[in-house]
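The structure appears below as structure tokens.
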Amino acid sequence: MTAFSRRKLLGGIGLGGVALGGVGLATAGCAPATATTSGAVAFQGAHQAGISTDAQDRLAFAAFDVTSTERADLVALLQTWTAAAEAMTRGAPVPGDSTSPEVPPADTGEAAGLPPSSLTVTIGFGPGLFDGRFGLAPRRPAALQPLPALPREILDPTRTGGDIAIQACSDDPQVAFHAIRNLARLGRGTVVTRWTQLGFGRTSSTGSAQATPRNLMGFKDGTRNIKSDDAAALDQHVWVPDTADQAWIRGGSYLVARRIRMFIEPWDRDRLGDQNAVFGRDKATGAPLTGTNELDAPDFAATDGEGSPVIAANAHIRLAAFENNNGLRILRRGYSFTDGIDAATGTLDAGLFFISFQSDPAAFITLQRTLGAHDALNEYIRHTGSGLFACPPGVTQAGDYWGRALVEA
Ligand code: HEM
């Protein structure tokens, strides 16, 4: 191919792209309202999107440390981030009207032409934000303390903590990545990225109409999760109540993130009967070992012919079930991840990037103290990263911004 014809070809592709973008816009413009918003999740609402809204297929998660010590910088960051997140959620580029060739474009561009793809962007504030730097110590909710040491965890400090977290979920990995990348770029000078995690497949369902996905151990995951249409359960277990000590967190939620490495190779050598016993469920159907269908309620009292419990004493679901934890429930919204090969062992570095939302971090701590000490699953997993973040309620009107009630005097 000559230089000339290659240029011509590339030019043609470029033009084609523009034409296609134009058609997309025109179609959206004349379609009925439901179709124009198809694929877009509402940004505004009493609660932030990305918690009880249907779990999307992909995750890009980032934890940031604030490097500025000025409250004004933090306010400006939250304003800029909110406007950018709102635009990206609609499928629009990061706002900015400069077309000058002398400055970088307002948006990095890799999501141009892609639909909103159910993008949700959710923010949370870590305990560290409430130290002396910004005068926020008096606004720290009593519940927002660094997580205590938990059984068997071996946390990597480079995958743990952070002043602010952003969870971007989408059905398109490029749309989720684009959101994180642009917020990191807009935050430069005020925040640095501390750690990130990509997730490639949801391991929970939060909508009643959603099929239950499978985790990397091959089990259906999310069967007995809190679902978005269960308003009573959300109010009781997920949203911070109006009685909370700090007004700004009311209607919000606490996000716990745990990077959980799975020891895939030994798991793959375990016999099926033991795999089922570890969870207390049947791998193929997802049914509890005391039932036949996925949605059958587990019978924790059932015993076999020899008097042993059918769902073992150390089975994951027995230890985690609300029936055995004084009614305690959490909303799980995690993702499968793989970060390639563990160079030290040559084994897969893969697992579950566990995310849960709860009205009080104590719910997670209580569950994990039990699971970390007794769960049969412990032979095959290790918690290697961790974060706790207080997610403020949603933005309810134009011009408002994330965390306004926290940072405005
Ligand atoms: C790699 C780690 C983990 C894996 C592979 C895993 C997998 C599963 C699976 C397959 C189920 C059964 C289906 C369902 O109801 O969703 C389940 C249930 C559950 N898991 Fe996990 N899980 C993990 C870690 C955790 C952690 C860290 C917690 C909380 C601290 C947790 C809390 C729960 C709860 C509350 C249930 C529902 C139990 C019930 O009510 O029956 N899981 N998990």
Side-chain angles (χ1 to χ4, degrees), residues 55 147-148 150-153 155 199 201-206 210-227 230 233 237-238 254-264 267 270 275-291 293-300 311 314-338 349-358 360-388:
L147 290 177
L150 290 164
R152 298 175 62 102
E153 68 186 6
L155 301 181
R202 66 182 169 95
T203 59
S204 74
S205 34
T206 49
Q210 287 188 296
T212 312
R214 288 181 187 271
N215 60 35
L216 293 188
M217 289 174 154
F219 275 76
K220 290 191 178 182
D221 204 336
T223 304
R224 292 223 299 170
N225 205 7
I226 295 178
K227 300 289 153 74
D230 192 347
H237 302 287
V238 178
Y254 288 93
L255 182 162
V256 168
R258 303 286 285 183
R259 184 180 185 276
I260 308 178
R261 167 99 187 264
M262 290 175 179
F263 302 126
I264 300 265
W267 174 258
D270 191 25
Q275 292 191 358
N276 291 341
V278 163
F279 286 105
R281 288 185 175 271
D282 179 80
K283 188 169 189 173
T285 63
L289 294 181
T290 52
N293 297 310
E294 185 197 342
L295 298 180
D296 290 347
D299 177 357
F300 295 112
I311 297 172
N314 62 354
H316 183 70
I317 68 164
R318 175 185 293 277
L319 296 172
F322 62 88
E323 292 93 330
N324 306 322
N325 288 284
N326 299 316
L328 184 158
R329 298 180 71 191
I330 58 176
L331 186 151
R332 289 169 287 141
R333 213 176 185 286
Y335 287 83
S336 295
F337 72 85
T338 179
D349 183 6
L352 169 65
F353 189 69
F354 173 95
I355 295 175
S356 66
F357 291 95
Q358 45 272 306
D360 190 328
F364 169 81
I365 296 166
T366 301
L367 273 182
Q368 187 50 34
R369 282 205 167 116
T370 303
L371 291 173
H374 305 294
D375 195 349
L377 193 53
N378 289 334
E379 187 180 345
Y380 301 101
I381 62 171
R382 177 174 298 147
H383 291 228
T384 60
S386 180
L388 169 65

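Order of appearance sets the numbers: ligands from 1, and atoms from 1 within every ligand.
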* Asked: Closest non-hydrogen protein atom to atom 27 (C) of ligand 1, residue and atom name please, with distance?
  -> Gln368 OE1, 3.3 Å

* Asked: Between Phe219 and Asp282, which heavy-atom pair has the shortest distance, and what is it?
  -> CE2-C, 4.0 Å

* Asked: Mind checking whether His383 has an N or O less than 3.5 Å away from an N or O of ligand 1?
  -> no

* To do: Would you please determine whether Ile381 falls within less than 4.0 Å of ligand 1 on a heavy-atom basis?
  => yes

* Asked: Can you tell me the protein heavy atom closest to atom 14 (C) of ligand 1 and the distance?
  -> Thr223 N, 3.2 Å

* Structure fact -> To atom 16 (O) of ligand 1, the nearest of Pro213, Gly222, Ala297 on a heavy-atom basis is Gly222

* Asked: Would you say the side chain of His383 lies within less than 4.5 Å of the side chain of Leu371, judging by non-hydrogen atoms?
  -> no

* Please examine the side chains of Glu153 and Gln368, heavy atoms only from C-beta on, and report whether any two atoms are closer than 4.5 Å. => no

* Looking only at atom types and distance, does a side-chain atom of Thr203 sit under 3.5 Å from a main-chain N or O of Ser336, one as donor and one as acceptor? -> no

* Asked: Of the protein's non-hydrogen atoms, which lies at the shortest distance from atom 1 (C) of ligand 1, and what is that distance?
  -> Ile260 CG2, 3.6 Å

* Asked: Can you find an N or O of Asn215 that's nearer than 3.5 Å to an N or O of ligand 1?
  -> no

* Do you know the tightest heavy-atom contact between Pro288 and Glu294? -> CD-O, 4.0 Å

* Asked: For His237, what residues pass the ring pair (Phe, Tyr, Trp, His ring centres under 6.0 Å) criterion, not counting sequence neighbours?
  -> none

* Asked: Hey, which atoms in ligand 1 end up nearer than 4.0 Å to a heavy atom of Leu367?
  -> 30 (C)

* Structure fact -> Checked atom 21 (Fe) of ligand 1: protein N, O or S atoms closer than 2.8 Å come out as His316 NE2

* To do: Report yes or no: does Arg281 contribute a side-chain atom to a donor-acceptor pair with the main-chain N or O of Gly286 at less than 3.5 Å?
  => yes

* Atoms of ligand 1, numbered as shown, that sit under 4.0 Å from any heavy atom of Phe364 -> 30 (C)

* To do: Among all protein heavy atoms, pick out the one at the shortest distance from atom 10 (C) of ligand 1; state its residue, atom name and that distance to 0.1 Å.
  => Lys220 O, 3.2 Å

* To do: Heavy-atom distances under 4.0 Å are what count here, so tell me which part of Arg258 touches ligand 1: side chain, backbone, both or neither.
  => neither

* To do: Check Lys283 against Trp267 and note the closest heavy-atom contact, atom names and distance.
  => NZ-NE1, 4.2 Å

* For residues His374 and Asn314, is any side-chain donor paired with an opposing acceptor at under 3.5 Å? -> no

* Asked: To which protein heavy atom is atom 41 (O) of ligand 1 closest, and what is the distance rounded to 0.1 Å?
  -> Arg224 NE, 3.0 Å

* To do: Begin with the C-alpha distance, continue with both residues' side-chain angles, and end with the deciding distance and a verdict on side chain to side chain contact (heavy atoms under 4.5 Å, CB included) for Ile330 and Arg332.
  => CA-CA 6 Å; Ile330 58 176; Arg332 289 169 287 141; 4.1 Å; yes

* **Residue Met262 vicinity, atoms of ligand 1 by number, heavy atom under 4.0 Å** => 1 (C), 5 (C)

* With a 3.5 Å cut-off and no angle check, do the side chains of Arg333 and Ser204 form a donor-acceptor pair? -> no

* Asked: What protein heavy atom sits nearest atom 2 (C) of ligand 1, and how far away is it?
  -> Leu352 CD2, 3.7 Å

* Hey, does the Lys NZ or Arg CZ of Arg318 hover above the aromatic six-ring of Phe300, less than 6.0 Å from the centre and inside 45° of the axis? -> no

* Side-chain (Asn325) to main-chain (Leu319) donor-acceptor, under 3.5 angstrom -> yes

